[in-house]
2 protein chains.
Amino acid sequence: MLKITRKVEYALIALRHMQLKQSEELTSTKEIATRYGVPQQLLAKTLQHMARDGIIEAVQGPAGGYRVATNLEQISMKDFFEKLEGPLGMMDCYFDSDCIQFGSCNIRVPIQRINDNMRNLFSQMSVQEVTQ
Amino acid sequence: MLKITRKVEYALIALRHMQLKQSEELTSTKEIATRYGVPQQLLAKTLQHMARDGIIEAVQGPAGGYRVATNLEQISMKDFFEKLEGPLGMMDCYFDSDCIQFGSCNIRVPIQRINDNMRNLFSQMSVQEVTQ
DNA sequence: ATTAAATACGACTAATATTATCGTATATAA
DNA sequence: TTATATACGATAATATTAGTCGTATTTAAT
């Protein structure tokens, strides 16, 4: 319960690794995969995902790789989570209201309050705080 | 990602329902299950779990049921989550360190900081705030 | 031109976790 | 004695997450 996914985990590992380098320098998927013992294919998809989202920039061809393409202080963990995993809610009904019990449910509103607190927590936390 | 389980959801629904009644009055599993359209067997286990933990009190036999047995202002959502679902961590390594990468992982400490924030959030929130 | 090493990406499979059900035992009021 | 409730371990079904496969594309180096 309340766990983050490997995808997010690998993304953060990769970002932190890239931030140890000069900003122009490139890092390949293989380098991170072997360095941290992470499955290369899954990491590759994660990096491609981040590249599509503009968080990192890809350079193709041999000697290619990725580099950070954003100021990570400007992106919140909430936005980061949502870019990688979609809407951030402790219950699906926070976004998606096709639950049959939507009308009779007695905890929808209170749960949404908790959810707002959690979203607020991650809104106030930048990716930089985690990867620096 | 970062979802609560049905077990927790049903537990909160049940507690909130019981709090609408006089404190001595009993509520059966069936009553809650039919009222909120929730699977009765799973709800039953959840209520039994809460009874073992002393959150609610069970009365057996026909016309039996459950009633709230604790001041819900005194129990935090963090403790509530951990009673029902075990240790509350966004990554397993927060509690359980048999991860092979434990030594080389570059985000363990930062993730633990996030986790502390989340645990802190739920420590400061009482069950009463959700179920009242 | 050809090769080699890298990213790109959809489809598929495997593993794990969650959710739900089954069967049986026990308690107790009527 | 019966009916209705809780107690609980075992199992089945489902959903989510994690990981792999195959193929295409890009591009630096030879």
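What you are looking at is a predicted structure, and each value in this text was computed from that prediction instead of being measured. Labels below follow one simple rule: chain letters A, B, ... track the order of the sequence lines, proteins then strands, and each chain is numbered from 1.
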Given atom [atom1] of [X] and atom [atom2] of [N], what is their separation to the nearest angstrom?
X	N	atom1	atom2	answer
B:Asp92	D:dT17	CG	P	14 Å
A:Ile4	D:dT16	CD1	P	19 Å
A:Lys3	D:dA18	NZ	P	11 Å
A:Lys7	C:dT16	NZ	C1'	18 Å
B:Glu85	C:dT18	CD	P	7 Å
B:Leu26	D:dT4	CG	C1'	14 Å
A:Leu84	D:dT17	CG	C1'	14 Å
B:Asp53	D:dC8	CG	P	11 Å

Is B:Arg108 salt-bridged to A:Glu9, cutoff N-O under 4.0 Å?
->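 Salt bridge: no.
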Could you tell me whether B:Glu82 and B:Lys78 have a side-chain N and a carboxylate O separated by less than 4.0 Å?
->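 So B:Glu82 pairs with B:Lys78 through a salt bridge.
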Counting only Watson-Crick and G-U wobble pairs with both atom distances below 3.5 Å, the stems of 3 or more consecutive pairs that include DNA chain D are C:1-30 with D:1-30
Side chains of [Y] and [X]: any donor to acceptor distance under 3.5 Å?
X	Y	result
A:Glu73	A:Ser126	no
B:Gln74	B:Gln128	no
A:Thr5	A:Glu85	yes

Can you check whether A:Leu121's main-chain N or O pairs, donor with acceptor, with A:Gln124's side chain at less than 3.5 Å?
->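 Checked: no pair found.
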Counting distance only, does the side-chain N/O of B:Arg67 pair as donor-acceptor with the main-chain N or O of B:Leu26 below 3.5 Å?
-> no
Sequence-aligned protein contact record of nucleotides 6-15 of chain C, with B where the base is within under 4.0 Å of a protein heavy atom and S where only the sugar-phosphate is | SBBB-B----
Minimum heavy-atom separation for A:Leu84 to A:Lys7, with atom names?
->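 That closest heavy-atom pairing would be O-NZ, 3.4 Å.
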Rounded to the nearest 0.5 Å, how far does CD1 of A:Ile13 lie from CD of B:Gln101?
->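 Going from the CD atom of B:Gln101 to the CD1 atom of A:Ile13 covers 8.0 Å.
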Side-chain N or O of B:Tyr10 less than 4.0 angstrom from OP1 or OP2 on C:dA20?
-> yes
